[in-house]
Structures are given as structure tokens and as C-alpha cells.
Amino acid sequence: MSNATATVTATDAATATGTAAESPTVSANMTIYINNLNEKIKLEELKKSLRAVFSQFGKILEVLAFKTLKHKGQAWVVFEDVTSASEALKRMQGFPFYDKPMRIQYAKTKSDIIAKADGTFVPRERRRRHDERADKKRRDHRDANQAGVNSAYGTMPPHSHLPYPGGGKHADAPAAPNNILFVENLPHECTPMMLQMLFCQYAGFKEVRMVETKPGIAFVEYGDELQSTVAMQALQGFRMTAQNSMLISYAKK
DNA sequence: AGCACA
């Protein structure tokens, strides 16, 4: 008996240590690092949607995402304080976003925007691994402007080639966050009134729509996508009956 | 898988 107890204790200790294996030496940070994001989503939309989904946890200072090979499918959301970041990390871990569960960790390092605010910012040339230090911004007389190709406005538009022939959405892409929720797995005896009682608790509620010929699903409309997102978070997985947990996603438009 | 500040 006491042996067993000792074993359990040892296991607990091992487990506690093992927990760190999920996020090795990364401690709390005001910035969360998200990966496993759907790489098919355009950056501007992705950042906007991340902001929509995460702003419920606190003020967001910045959302960063890049499309380079090394950084596809990843984003950083910078919160104003650590508490917001922690809450976001916990609550949104594994949240289905564009059909893929988000994987969230704390960022490994402090975001520039934070460092700038607290005075610890050091310009990047120091920490960039091997920056060709060609342009050290030397005080040479201004170099001949090379036909303007490197001007601030010379960058390629991000949409120079579209991944899908349709020019945008393709069949299996989930709907982007929007003001209308799509609710599934409802018990067949569920009525619009029952749903209204649940969904009208959240700000911006407008209406519930059900389709007679399609039992088990409903559409719930809010004033905007922030409001619909809050309701989704709150009611996701809500048990209507022992075998009916609501599955909520954004409606396709 | 991949931790940057375009």
C-alpha cells in the first residue's frame, strides 16, 4: 500500500517534470506563439481573424504573421499583459480555427513592441544570426538611387499569384470568422426558442434560424464577428442532452 | 516542423 503510494508520488513528480517537455524552457510571456495554423489563409485575413478571436482575453498590441517558408502557419499575438496571454493560451489551446486546431505556446522571446515600451529593445542587427552586414547604413554620401526598385513601394503585392483558380475560397475551406454561427449536433426536438434562450445571453444577439427540413442544425446571427465569437466560445460543446453537444462554427456565406 | 518584429 505505502509502496504504491510512493510510486504514485514518484510518478507525479515525473509527470510534473514531463509537463515541461511540452514547452521546454519557455516561460510566461505577453506574447503567444501559435502554430498549426491553416497556411492557405491570406495573411491579412489570418491576422484579422486572430485578433477577432483573441481580443476577448485583453488588449492586443500587435498580431504578427509571415509567409516565408520558415514562418508559414505561425503567428504571434502580443498582449498588453501576461495574464491575458495566459488566459488566451489556456482557453484557446486546440481551438479549431480554419479547420485546424491551434497549437499555442508562449513566445520564446520578448516582442520588439514590448521591448521598445520597457526600454530593453536592442536593434536587430545584433541578434540576427548572420546578417550580411553590407548595408551598415554607413554615412557614405547617398548612394545612387537605383532606378527606385528598392523603394518602399517597390515590394511585390502579396496576391501576385493565387493558390486556387477560383481566386479565393475553395470547397473545403472553413468559413472565416463572421457574425453568423452555424450550430450542429442539436437534438431533433430542439426549437428556435430553446436556442434563443441560450444565445441571447451574449451581446449583439439578433436571431436564430432553423431549417425545418434539416433538423439538428441552426444559424445564429450576431451584430458582428466579435460578438458571435464570444458566444461561440461560451457555448461551444454545450450539452443539450446526454448525447448532443453543440458543435459551433462560423457559417459559410 | 518551423519562434519574429517584414
Side-chain angles (χ1 to χ4, degrees), chain A residues 18-55 57-137 143 145-146 148-163 173-174:
Chain A
T19 307
E22 281 200 346
S23 46
T25 32
V26 183
S27 53
N29 192 308
M30 293 152 81
T31 302
I32 54 173
Y33 166 76
I34 308 164
N35 66 2
N36 199 43
L37 292 168
N38 191 325
E39 298 176 9
K40 290 176 289 202
I41 309 306
K42 293 194 296 287
L43 286 192
E44 280 318 304
E45 177 182 343
L46 183 76
K47 292 199 277 187
K48 188 162 145 282
S49 299
L50 285 169
R51 201 176 267 276
V53 151
F54 279 105
S55 57
F57 301 105
K59 175 117 189 275
I60 292 174
L61 302 182
E62 197 174 24
V63 177
L64 293 159
F66 312 90
K67 61 178 177 181
T68 55
L69 268 311
K70 196 169 181 226
H71 303 293
K72 279 161 62 176
Q74 299 154 76
W76 289 259
V77 177
V78 187
F79 287 96
E80 189 175 47
D81 52 62
V82 181
T83 315
S84 304
S86 303
E87 197 63 15
L89 187 152
K90 272 188 297 188
R91 298 259 314 271
M92 298 300 282
Q93 191 62 266
F95 178 79
F97 191 68
Y98 293 107
D99 239 13
K100 303 186 69 180
M102 290 189 188
R103 298 281 141 69
I104 313 176
Q105 300 164 53
Y106 291 113
K108 283 181 178 163
T109 58
K110 186 186 288 186
S111 294
D112 282 1
I113 192 172
I114 302 294
K116 281 171 182 163
D118 69 18
T120 59
F121 179 71
V122 289
R124 288 199 305 280
E125 49 213 17
R126 179 113 162 57
R127 58 176 108 150
R128 210 170 243 186
R129 297 193 315 167
H130 50 50
D131 200 358
E132 64 287 340
R133 43 186 354 198
D135 299 355
K136 198 66 186 290
K137 192 175 188 179
D143 49 48
N145 43 9
Q146 299 201 352
V149 285
N150 289 337
S151 82
Y153 301 106
T155 27
M156 292 272 285
H159 50 279
S160 47
H161 63 312
L162 292 168

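Just so we're on the same page: letters track the sequence lines, and every chain starts at 1. Worth saying up front: this structure is predicted, and the values here are computed from it rather than measured.
- In this structure, A:Ile32 places its CD1 atom 16 Å from P of B:dC3, rounding to the nearest Å.
- For B:dA1, the OP1/OP2 oxygens have no side-chain nitrogen or oxygen of A:Arg103 closer than 4.0 Å.
- In this structure, the CZ atom of A:Phe79 is 17 Å from the C1' atom of B:dC5, given to the nearest Å.
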_Evaluation steps, side-chain contact (heavy atoms from CB on, under 4.5 Å), between A:Ser86 and A:Tyr106_ = CA-CA 8 Å; A:Ser86 303; A:Tyr106 291 113; 2.8 Å; yes
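- With rounding to whole Å, A:Ile113 atom CD1 is found 13 Å from B:dA4 atom C1'.
- Set against B:dC3, B:dG2, B:dC5, the side chain of A:His71 has B:dC3 as its closest nucleotide.
- Checked by distance alone, A:Ser111 brings a side-chain donor or acceptor within 3.5 Å of a matching partner on the base of B:dA4.
- What separates CD of A:Gln74 from P of B:dC3 is a distance of 6 Å, to the nearest Å.
- A straight line from NZ of A:Lys67 to C1' of B:dA6 spans 10 Å, rounded to a whole angstrom.
- Taking the six-membered ring where the residue is Trp, A:Trp76 and A:Tyr33 present tilted rings, their angle falling between 30° and 60°.
- Looking only at side-chain heavy atoms (C-beta outward), A:Met92 and A:Phe57 come within less than 4.5 Å of each other.
- Distance CG/A:Leu89 to CD/A:Gln105: 8.5 Å, rounded to 0.5 Å.
- Put simply, CG on A:Asn29 is 12 Å from C1' on B:dA4, counting in whole angstrom units.
- Judged by ring centres under 5.5 Å apart and planes tilted less than 30 degrees, A:Phe66 fails to stack against the six-membered base ring of B:dA4.
- Out of B:dG2, B:dA4, B:dC5, the shortest distance to the side chain of A:Asp112 is found at B:dC5.
- Taking only side-chain atoms of A:Lys72, from C-beta outward, the nucleotide of B:dC3, B:dG2, B:dA6 with the closest atom is B:dG2.
- With hydrogens and angles left out, the side chain of A:Gln105 and the base of B:dC3 share a donor-acceptor pair within 3.5 Å.
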*side-chain contact (heavy atoms from CB on, under 4.5 Å) between A:Phe97 and A:Ile41: does it pass, once the steps are laid out?*
CA-CA 11 Å; A:Phe97 191 68; A:Ile41 309 306; over 6 Å; no
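- The nearest whole Å value for the distance from the CG atom in A:Asn35 to the P atom in B:dA4 is 13 Å.
- Of the candidate nucleotides B:dA1, B:dC5, B:dA4, B:dA1 has the atom nearest to the side chain of A:Glu39.
- Of the side-chain N and O atoms in A:Lys108, none sit less than 4.0 angstrom from OP1 or OP2 of B:dA4.
- Both A:Lys116 and A:Leu37 lie close to DNA chain B; mapped to their nearest nucleotides by heavy-atom distance, the more 5′-ward contact belongs to A:Leu37.
- A:Met102 places its CE atom 19 Å from the P atom of B:dG2, with the value rounded to the nearest Å.
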